[in-house]
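Predicted model, so just to flag it, every value in this text is computed and none were measured. Per chain, numbering begins at 1; letters A, B, ... match sequence-line order.
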There are 2 protein chains.
Amino acid sequence: MFAAERKRIIKKYLLENSKAEVVKISDILDVSEVTVRRDFEKLEHEGFLIRTHGGAILHDPHEKTYYAEQDMEADENNQEIVETAAALVKDEDIIMLTGGHINQLLARKLSERQGLTILTNDLVAALNASAGGMNRVICLGGEIEQDNFSVSGSITLRNMQKYHVNRVFVEVDGISENLDLSVSSQQKSELIESAVQSSDHVTLLCNYELIGKRAFLSLGPITMMNSVITNPQLADEYKIAIYNKNVILYTSINAFEGNV
Amino acid sequence: MFAAERKRIIKKYLLENSKAEVVKISDILDVSEVTVRRDFEKLEHEGFLIRTHGGAILHDPHEKTYYAEQDMEADENNQEIVETAAALVKDEDIIMLTGGHINQLLARKLSERQGLTILTNDLVAALNASAGGMNRVICLGGEIEQDNFSVSGSITLRNMQKYHVNRVFVEVDGISENLDLSVSSQQKSELIESAVQSSDHVTLLCNYELIGKRAFLSLGPITMMNSVITNPQLADEYKIAIYNKNVILYTSINAFEGNV
DNA sequence: TTCTTTTTCTTTCAGCAGCAAACATTTCCC
DNA sequence: GGGAAATGTTTGCTGCTGAAAGAAAAAGAA
């Protein structure tokens, strides 16, 4: 029997029973248990099933996991960026945080400080920032985007226009190889544009792994940023490219700076 | 049965019941209690639940961060009020929730519904309401009050004035013995006044233990409400007094109604 | 309150089943 | 036939589970 045939049978079995025991499948297919395990391994890799002691169960993509298998490494990289960003914030600064995971972490970090004014459209960031009780936190109003806990839309933009800030920390959803920024929705794009206009200095927060990925909506070239904070792992070619575009680059620990 | 299967069943059970007892799960899964505890331990590690003495409760990633431990009895009373309030909300309603703990619980309850438009100045309520992804949730903007996760101030009021809603659920900080309402801050008072003006129907959510307490700032008589939802334990004298003031009274299970 | 009882939890141990790794064998294809 | 890929076998090890005993927490009694 061919491997592909076994796979097909296993899939069929799983779809019917939603679970499969190694012993049972080994019996049905008349192959050794090792082979079944190896098949399971491949199918797990394909995302079809989840292996478990004794067998496997059907993979349910909609299953609620919360932050079960959070990527610890990405998290550490983000934390690195947060530390650098926080160091750039001066006491009594008025800053804006656009929505995103790194900004949520930054907000939490800044909640330890005092005397800051923090403006944001991300509800989680707003709550994080207000935790310490020593800063002034302003949350923009508007309709909540379903997947990312931030508000957006015309109300948000109108709210935003009333403010002027010293510095805005921006997160995007993709950065192409020639350093063009992109985001996943029209609303996000509009908000970032508005925030950029309302700020003296614009800083991009970006995990180095984001580079090379493209999101749905093009936002503009990286030169719309005054500075970028990313991880040291960023490939040298990008470091040089950013430097040549006169954007300040902070790679977490050691800064590799161009002109302002 | 595989460990992964048990995990999945426990997850499902928790999502449906919000809490799970060791004994009960041990019974359902037909495994020893030790095994259930070990499963709980793993799921706790994954951030899915929080273990308690005797069982576990669902870990709500947002709620948990912003709440201290709650008084269980008060919580049950509040839940009673929430059930009644939720029953009053019709599909496609446009409702406003002012800040407060009961409204945060109500928001979570309503997140199971769909087609609602929910307006609120409480960030936790906003996040709770948007959890299901099937409702339109609008969060008012403004400055965050340090102690209660809601926004207020002139921006909030200006935001609020743009909207008109079918029903507003109001929470206050105190109700005197002659049924005058009071709150703890000027901002809160202004927001409630504004919300009352923007709504067809005003409902007060109030734990029966609140009566007799007075907060800093007087808001007005209970007649500014169209209806009140509280617990059955409310003393009869108050029930009669509310009835005589022509305010509809819902005492959770059985409604004791006056005229509109 | 303080003490006692009961329930629940943690830890340890033992038995078993399942597993990975290395190596052996078979099959397939050139 | 020779090499590569797939499959099978053996071995020692790990992980899962439940029982039991002691620790801790909650509930009840004085």
Side-chain angles (χ1 to χ4, degrees), chain A residues 1-60 63 65 68-70 72, chain B residues 1-14 16-59 64 67-79 209 233:
Chain A
M1 180 179 311
F2 300 126
E5 206 176 337
R6 288 202 311 273
K7 261 182 167 177
R8 195 177 51 76
I9 295 173
I10 293 171
K11 279 187 178 180
K12 184 156 173 266
Y13 184 94
L14 257 171
L15 286 169
E16 281 164 8
N17 301 278
S18 64
K19 64 176 273 196
E21 285 160 46
V22 173
V23 182
K24 184 138 194 173
I25 298 295
S26 147
D27 200 46
I28 291 173
L29 299 175
D30 196 30
V31 291
S32 74
E33 295 182 11
V34 196
T35 303
V36 175
R37 289 198 191 96
R38 287 198 264 244
D39 285 345
F40 279 3
E41 200 175 0
K42 280 173 205 144
L43 286 166
E44 180 170 46
H45 216 76
E46 290 172 20
F48 189 84
L49 54 76
I50 295 166
R51 290 187 65 193
T52 175
H53 199 88
I57 58 173
L58 197 60
H59 173 67
D60 177 5
E63 194 169 1
T65 52
E69 313 103 51
Q70 197 172 52
M72 294 303 277
Chain B
M1 177 175 324
F2 301 141
E5 273 182 284
R6 289 200 312 270
K7 257 171 136 179
R8 189 169 274 179
I9 293 171
I10 293 171
K11 279 187 178 181
K12 185 156 171 260
Y13 185 94
L14 259 171
E16 280 164 11
N17 301 279
S18 316
K19 65 174 186 184
E21 285 161 40
V22 172
V23 182
K24 182 138 194 174
I25 299 294
S26 148
D27 199 48
I28 291 173
L29 298 176
D30 196 30
V31 291
S32 74
E33 294 180 15
V34 194
T35 302
V36 175
R37 290 198 189 94
R38 286 197 267 242
D39 285 345
F40 280 3
E41 200 175 1
K42 280 174 204 143
L43 286 166
E44 181 170 45
H45 212 76
E46 291 175 17
F48 194 87
L49 55 75
I50 297 166
R51 295 185 62 193
T52 61
H53 197 86
I57 56 169
L58 190 63
H59 168 89
K64 184 235 160 187
Y67 280 137
E69 288 276 309
Q70 287 289 330
D71 179 349
M72 287 306 279
E73 193 182 319
D75 220 58
E76 271 175 34
N77 288 336
N78 288 341
Q79 199 55 47
E209 289 176 318
Q233 296 96 318

Quick one: [X] [atom1] to [N] [atom2], roughly how many Å, whole number?
{"X": "B:E41", "N": "D:dC16", "atom1": "CD", "atom2": "C1'", "value": "14 Å"}
{"X": "A:D39", "N": "D:dA6", "atom1": "CG", "atom2": "P", "value": "11 Å"}
{"X": "B:L29", "N": "D:dG18", "atom1": "CG", "atom2": "C1'", "value": "15 Å"}
{"X": "A:I25", "N": "C:dG18", "atom1": "CD1", "atom2": "P", "value": "14 Å"}
{"X": "A:H53", "N": "C:dG15", "atom1": "NE2", "atom2": "C1'", "value": "13 Å"}
{"X": "A:K24", "N": "C:dG18", "atom1": "NZ", "atom2": "P", "value": "14 Å"}
{"X": "B:F2", "N": "C:dC19", "atom1": "CZ", "atom2": "C1'", "value": "14 Å"}
{"X": "B:D30", "N": "D:dC16", "atom1": "CG", "atom2": "P", "value": "19 Å"}

Exercise. Charged N to carboxylate O under 4.0 angstrom, A:K42 versus A:E46?
Worked result: no
For this session: Determine, for A:R37 against A:E41, whether the closest basic-nitrogen to carboxylate-oxygen distance falls under 4.0 angstrom.
Result: no
Problem set entry | Any A:R51 side-chain heavy atom under 4.5 Å of A:L49 side chain | yes
Exercise. If every non-hydrogen atom of B:H59 is compared with every non-hydrogen atom of B:I50, which pair is closest and at what distance?
Worked result: ND1-CD1, 3.5 Å
Problem set entry | Non-hydrogen atoms of B:S32 and B:S26 that approach each other most closely | C-OG, 4.1 Å
Exercise. Where along residues 6-22 of chain A does a heavy atom come under 4.0 Å from DNA chain D, residue by residue in number order?
Worked result: A:R6
Exercise. Touch check for B:S26, heavy atoms < 4.0 angstrom, all strands: base, sugar-phosphate only, or nothing?
Worked result: nothing
Problem set entry | Separation between CG of B:N78 and CD of B:E209, rounded to the nearest 0.5 Å | 9.0 Å
Exercise. Has A:S32 got a side-chain N or O lying under 4.0 Å from the OP1 or OP2 atom of D:dT7?
Worked result: no
For this session: Verify the contact: side-chain N or O of A:R51 to OP1 or OP2 of C:dA20, cut-off strictly under 4.0 Å; return yes or no.
Result: yes
Exercise. So does A:R38 reach the base of D:dG8 with its side chain, donor to acceptor, closer than 3.5 Å?
Worked result: yes
Exercise. Quick one: which of D:dT7, D:dA19, C:dG18 gets closest to the side chain of A:R37?
Worked result: C:dG18
Seminar exercise, completed: By nearest-heavy-atom nucleotide on DNA chain C, the more 5' of A:V23 and A:V34 is A:V23
Problem set entry | Check against side chain to side chain contact (heavy atoms under 4.5 Å, CB included), B:L58 and B:L14 | CA-CA 6 Å; B:L58 190 63; B:L14 259 171; 4.1 Å; yes
